[in-house]
Amino acid sequence: GHFLTRRLLGMSYDATGAFRIYRLPRIPRQTFDLVSARGYAFFFESLFILHANGMRIKELPIKLPARTYGSSKMSLKEAARSARQVASLSFVNQINPAQFRVLAPFTDVDPTLVDPQGWDTYWKRKTHRSSLIYEVIATIYRNLIIKRWLNEAIRKNFPRGSELLHAGCGSGQVDQDLQSEMNITALDISVPALQLYRRNNPRAKAIKHGSILNLPFADETFDGVYDLGVVEHFTHEEINRILRQFHRVLKPGGKVLLFWPHKKATSVWVLGRAHWMLNDVMKQNVKLHPDELSLIESRKQASEHLANAGFDMISYEFGVKDFFVQAIVVGQKSAAAPAQT
């Protein structure tokens with residue numbers, strides 16, 4: 001009976017001598033899969049993740065004989081490792097708290113979709129050290145810079161409660177503040193990206209597996225469509241097709257909002273130097289992101305793309321507020337049909 005109780009409850013001592021009981025049948029296995037620590041730090045990290053997933057944690061006082069000097073099993077090395085783990089958890093929780101949440105897997109998958117650009121590989125990439133560094137920097141940039149300007153642009157162009165499509169949604173770290181203000185439908189061709197989006201935005205109206213080249217929505221469904229750092233990965237011909245799809249699913253007078261990296265962006269220079277160092281100097285054969293085929297060059301070019309797809313240019317911004325990275329382009333669906341090509 002004692003053995004069975006230990007199996008069902010999951011009993012253990014932590015480094016301080018405290019007695020832990022886990023009610024394992026009530027805890028999803030995936031919760032413990034999120035724990036990366038393998039030493040004493042397991043106790044701190046597992047409690048943190050259980051708390052992040054809404055598990056109830058209670059303290060039960062019991063009497064144990066006091067430990068005498070020299071009887072602790074925790075070495076100074078393990079103590080330091082545990083302290084580093086706690087500090088790391090605190091840092092990651094500040095920039096991406098959703099990664100500690102457990103959700104059911106995304107299953108509404110369209111098996112006919114083909115991902116020629118390799119976005120699944122991009123979103124599943126976790127092991128290469130250089131890629132992890134890039135992801136940390138990208139996450140900080142999304143949360144501290146892009147999220148702020150996206151919030152401002154969305155609130156400026158769309159009234160509260162608007163039906164919006166985030167086309168090419170990725171992990172959705174930038175959408176978190178907007179979920180309580182707008183009705184957001186997220187779409188991406190990458191299932192791993194949609195898994196991350198669900199974790200980051202459990203209150204999203206809908207999450208859809210699909211391609212921005214052929215949107216799986218009826219005509220005139222949305223008040224607005226937005227994407228961030230997506231269209232530059234397509235050819236100019238494909239961009240025209242994408243914008244026409246946006247035009248089709250927008251209601252009359254609807255708006256499109258594009259965060260489009262500029263050809264002279266500081267990020268282009270930095271990533272170019274990073275790829276040179278990793279691949280030419282260090283011979284690592286690393287690709288930090290899919291190819292950027294069509295970086296925006298000017299307001300005129302953006303206006304021409306919009307006009308060909310049936311949009312009037314509303315605004316174009318490129319400047320210091322995001323360190324000269326993204327051109328923020330806003331277009332409004334015009335009454336006239338898109339130009340024939």
Spell out, as yes or no, whether a donor-acceptor pair under 3.5 Å connects the side chain of [X] to the backbone of [Y].
X: D219; Y: V249; answer: no
X: N183; Y: G161; answer: yes
X: Q195; Y: F106; answer: yes
X: R248; Y: L215; answer: yes
X: Q301; Y: E297; answer: yes
X: S334; Y: D312; answer: no
X: D291; Y: L293; answer: no
X: K333; Y: L250; answer: yes
X: D223; Y: S162; answer: no
X: E237; Y: T235; answer: no

Is there a side-chain contact between [X] and [Y], using heavy atoms and a 4.5 Å cut-off?
X: V330; Y: V256; result: no
X: Q326; Y: E317; result: no
X: I184; Y: L165; result: no
X: H305; Y: H236; result: yes
X: F259; Y: I146; result: yes
X: E181; Y: R155; result: yes

task: Give me the ring orientation class for H233 and W119: parallel if the planes are under 30° apart, tilted from 30 to 60°, perpendicular past 60°.
output: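 Geometry flag for W119 against H233: perpendicular rings.
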
message: Go through it in stages, so that I can follow the logic: the residues are T266 and V325, the test is side chain to side chain contact (heavy atoms under 4.5 Å, CB included), and I'd like the CA-CA distance, side-chain angles, deciding distance and then a yes or no.
response: CA-CA 6 Å; T266 51; V325 174; 3.4 Å; yes

[X] to [Y] - nearest heavy-atom pair and separation:
X: S315; Y: R299; result: C-NH1, 4.5 Å
X: W123; Y: S190; result: CD1-OG, 3.5 Å
X: C169; Y: D188; result: N-OD2, 3.2 Å
X: Y316; Y: S298; result: OH-C, 3.6 Å
X: N201; Y: S171; result: ND2-O, 4.2 Å
X: L243; Y: A309; result: CB-CB, 3.4 Å

- prompt: Do other residues, nucleotides or ligands put more than 12 heavy atoms under 6.0 Å from the CZ atom of R148?
  reply: no

Flag if over 12 foreign heavy atoms under 6.0 Å of NZ, K264: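 Count not over threshold, so no.
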
message: I'd like to know whether F246 forms a side chain to side chain contact (heavy atoms under 4.5 Å, CB included) with L258, so could you lay out the CA-CA distance, the side-chain angles of the two residues, the decisive distance to 0.1 Å, and finally the verdict.
response: CA-CA 11 Å; F246 292 173; L258 308 174; 4.1 Å; yes

Restricting to ring pair (Phe, Tyr, Trp, His ring centres under 6.0 Å), what partner residues turn up for [X], sequence neighbours left out?
X: F311; value: H247
X: F222; value: F217
X: F323; value: none

task: Take L257 and V329, measure what side chain to side chain contact (heavy atoms under 4.5 Å, CB included) needs, and give me the verdict at the end.
output: CA-CA 6 Å; L257 171 63; V329 181; over 6 Å; no

Could you state whether [X] and [Y] fall into the same hydrophobic cluster, counting links through intermediate Ile, Leu, Val, Met, Phe, Trp or Tyr residues with side-chain heavy atoms under 4.5 angstrom apart?
X: I296; Y: F234; result: yes
X: W149; Y: W260; result: no
X: I145; Y: V174; result: yes

message: Can you pull out every ring-ring contact (aromatic ring centres under 6.0 Å, His included) where at least one residue sits in residues 165-200? Sequence neighbours excluded, please.
response: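 Only H166-Y226 qualify under ring-ring contact (aromatic ring centres under 6.0 Å, His included).
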
message: Using the rule given for side chain to side chain contact (heavy atoms under 4.5 Å, CB included), can you reason through N151 versus Q176, listing the C-alpha separation, both sets of side-chain angles and the distance that settles it, and then say yes or no?
response: CA-CA 10 Å; N151 290 346; Q176 294 168 342; over 6 Å; no

query: Is the shortest distance from a Lys or Arg side-chain nitrogen in K251 or E163 to a carboxylate oxygen in the other one below 4.0 Å?
result: no

field: From CD (Q117) to CG (D115), nearest 0.5 Å
entry: 7.0 Å

- prompt: Among all residues two or more places apart in sequence or in another chain, which pass the salt bridge (Lys or Arg N to Asp or Glu O under 4.0 Å) test with D227?
  reply: none

Compile the donor-acceptor pairs under 3.5 Å between side chains in residues 206-213 and protein atoms, sequence neighbours left out, one pair per line.
residue: H209; atom: ND1; partner: D110; partner atom: N; Å: 2.9
residue: H209; atom: NE2; partner: I189; partner atom: O; Å: 3.0
residue: S211; atom: OG; partner: L213; partner atom: N; Å: 3.1

